[in-house]
Amino acid sequence: MQIEFAEPAPHLKSLLSLYYRVRSDDEVFEEIDRADIGVLRFRLKGDGYLEFHDGSRSPAGLNNPLIGPGSAAAKIRLTGPIDVVGCSLLPLAWGGALIKGDASAHVDCANDALAALGPKSAELPALLSAVSGIAETKQILDDFFTATARPISKRTVSGVEELRQWLASSPAPDVQQLTQGDLARSRRFSRIGNRYFGGPPKMLARKIRALRAAQAITLNNGEICDEALDPFYDQPHMVREIKHFTGKSPGKLVSPDEMLLQMVLDRPCFRELEPDLNQAPMPPQGISSQR
């Protein structure tokens with residue numbers, strides 16, 4: 001398997017995480033999708049499906065899926081050879097800037113990305129298939145998203161940022177600190193959470209807690225550490241939550257067979273809480289990872 005990464009243009013970093021291109025000549029390609037904010041994928045070669053935690057699958061023949069926020073890990077199964085281009089959506093991409101409608105309407109399902117992105121996106125698969133390098137891939141996507149992104153109000157940016165800061169403030173954020181016991185604030189942040197993150201604050205805190213713990217264990221070479229364990233009642237509780245949102249128990253997070261999962265838990269890809277996207281460390285443009 002070969003994976004290449006590239007940063008979006010600076011003016012797109014509030015909407016999109018890393019661009020990536022995955023190629024594999026394997027006859028069968030199986031990986032885990034961690035619970036994410038949302039993903040766009042363009043499957044240029046290969047066939048297959050995404051299976052969600054409830055057993056439902058993405059529609060047959062859906063080659064360009066818009067995958068909504070996940071409430072649990074999902075499974076990818078493709079028949080190769082494959083060539084897939086994708087990028088993760090950050091919260092501000094929802095609600096109209098790139099994708100119309102609430103993120104919560106897309107939770108745990110896959111829809112046609114080309115329909116969601118508008119008629120100008122119809123040519124994207126052919127344009128991406130005509131190039132092979134990550135630099136050319138990046139340029140095509142930068143040009144498209146620059147031309148189609150819609151303005152975001154300052155009020156929206158402020159509300160999403162306040163919710164993000166709360167999620168990042170603690171390994172186990174307290175909803176009371178966000179709402180301050182005020183019913184109007186509670187309703188406001190429920191609306192913001194559903195529209196831009198895919199769920200209400202309490203659910204988002206649970207999800208982020210598990211993903212941060214999984215990231216800490218991965219960065220600690222698979223060993224359980226206080227940073228991962230402290231936000232949970234006990235170790236069995238931590239194990240259940242990590243497995244729910246990543247599809248793997250803590251002991252398997254660093255398995256050589258889980259390279260893709262490890263990469264999407266690392267800071268360059270795990271950007272839901274990133275305070276300054278322009279300063280986030282990442283793999284150098286065009287770097288390839290081989291398995």
Side-chain angles (χ1 to χ4, degrees), residues 1 3 16-91 93-95 98-119 121-126 128-129 137 141 144-145 194 196-199 203 207 211 243-248 257-261 263-265 269-270 272:
M1 180 173 68
I3 308 177
L16 304 167
S17 187
L18 292 177
Y19 299 140
Y20 57 86
R21 191 156 188 162
V22 182
R23 296 182 180 88
S24 174
D25 292 325
D26 293 345
E27 292 184 3
V28 177
F29 177 88
E30 293 182 310
E31 292 287 350
I32 296 292
D33 249 4
R34 73 165 174 90
D36 209 327
I37 290 291
V39 180
L40 288 169
R41 291 198 180 116
F42 305 95
R43 194 165 69 227
L44 310 176
K45 291 182 181 178
D47 192 19
Y49 57 85
L50 188 70
E51 183 175 305
F52 299 98
H53 69 99
D54 63 358
S56 63
R57 294 181 178 180
S58 55
L62 185 64
N63 292 326
N64 304 294
L66 163 63
I67 302 161
S71 67
K75 299 176 183 178
I76 305 170
R77 192 181 194 281
L78 303 176
T79 54
I82 67 164
D83 183 3
V84 177
V85 172
C87 61
S88 289
L89 300 172
L90 294 174
W94 296 97
L98 287 180
I99 308 297
K100 293 181 179 180
D102 290 6
S104 59
H106 293 265
V107 169
D108 294 335
C109 65
N111 296 289
D112 183 7
L114 303 186
L117 291 171
S121 66
E123 62 184 8
L124 277 176
L128 293 168
S129 294
T137 300
L141 294 175
F144 171 77
F145 290 122
N194 281 311
Y196 298 99
F197 290 80
M203 185 279 286
K207 175 178 170 179
L211 293 176
K243 190 169 184 179
H244 179 80
F245 288 104
T246 72
K248 295 291 178 180
D257 294 331
E258 302 302 335
M259 185 179 72
L260 189 59
L261 179 59
M263 297 178 96
V264 298
L265 285 171
C269 298
F270 181 35
E272 287 92 326

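In what follows, residues are counted from 1 in the order of the sequence shown. For the numbers below, each heavy atom of this structure counts, side chains included, while hydrogens, waters and symmetry mates do not.
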> At what distance, to the nearest 0.5 angstrom, does NZ of Lys45 lie from CG of Asp25?
Replying inline: 8.0 Å
>> Quick check: closest heavy atoms across Ala110 and Pro65, and the distance to 0.1 Å?
In response: CB-CB, 4.2 Å
> Among Leu98, Leu141, Leu90, which one satisfies side-chain contact (heavy atoms from CB on, under 4.5 Å) with Leu16?
Replying inline: Leu98
>> Check the orientation of Trp94 and His106. Use parallel for under 30°, tilted for 30 to 60°, and perpendicular for over 60°.
In response: tilted
>> As an exercise, state the distance from CG of Leu66 to SG of Cys109, rounded to the nearest 0.5 Å.
In response: 8.0 Å
>> So, taking the atom named CD1 in Ile32 and the one named OG1 in Thr246, what distance separates them when rounded to the nearest 0.5 Å?
In response: 8.0 Å
> Considering all heavy atoms of both residues, which atom of Asp36 and which atom of Val39 are nearest to each other, and what is their separation?
Replying inline: OD2-CG2, 3.6 Å
> Does any non-hydrogen side-chain atom of Asn64 lie less than 4.5 Å from one of Leu117?
Replying inline: no
> Rounded to the nearest 0.5 Å, how far apart are CD1 of Ile67 and CG of Asn111?
Replying inline: 10.0 Å
> Can you name the closest pair of heavy atoms from Ile37 and Pro91 and give their distance?
Replying inline: CG2-N, 4.0 Å
>> Please give me the minimum heavy-atom distance between Gly70 and Lys207, naming the atom from each residue.
In response: O-NZ, 2.9 Å
> With side chains defined as the heavy atoms from C-beta onward, is the minimum distance between Asp108 and Asp54 less than 4.5 Å?
Replying inline: no
>> Nearest 0.5 angstrom please: Thr79 OG1 to Glu27 CD, how far?
In response: 9.5 Å
> Which one of Asn63, Leu78, Leu128 satisfies the side-chain contact (heavy atoms from CB on, under 4.5 Å) criterion with Val84?
Replying inline: Leu78
> Between Asp26 and Glu30, is any pair of side-chain heavy atoms under 4.5 Å apart?
Replying inline: no
> Do Leu124 and Phe144 have side-chain heavy atoms sitting under 4.5 Å apart?
Replying inline: yes
>> Between Ser58 (side chain only) and Leu50 (backbone N and O only), is there a donor and an acceptor less than 3.5 Å apart?
In response: yes
> How close do His244 and Ser71 get, heavy atom to heavy atom, and via which atoms?
Replying inline: NE2-O, 2.9 Å
> Any side-chain heavy-atom pair from Phe245 and Arg34 closer than 4.5 angstrom?
Replying inline: no
>> Quick one, Val28 with Arg77, criterion side-chain contact (heavy atoms from CB on, under 4.5 Å). Give me CA distance, side-chain angles, the key distance, then yes/no.
In response: CA-CA 7 Å; Val28 177; Arg77 192 181 194 281; 3.7 Å; yes
>> On a heavy-atom basis, which atom in Ser121 and which in Pro125 lie closest, and how many Å separate them?
In response: O-CD, 3.7 Å
>> A side-chain contact here means heavy atoms from C-beta on lying under 4.5 Å apart; do Val22 and Met1 qualify?
In response: yes
> How long is the span from the CZ atom in Arg41 to the CG atom in Leu62, to the nearest 0.5 Å?
Replying inline: 11.0 Å
> Is there a side-chain contact (heavy atoms from CB on, under 4.5 Å) between Phe145 and Leu40 once you walk through the steps?
Replying inline: CA-CA 12 Å; Phe145 290 122; Leu40 288 169; 3.8 Å; yes
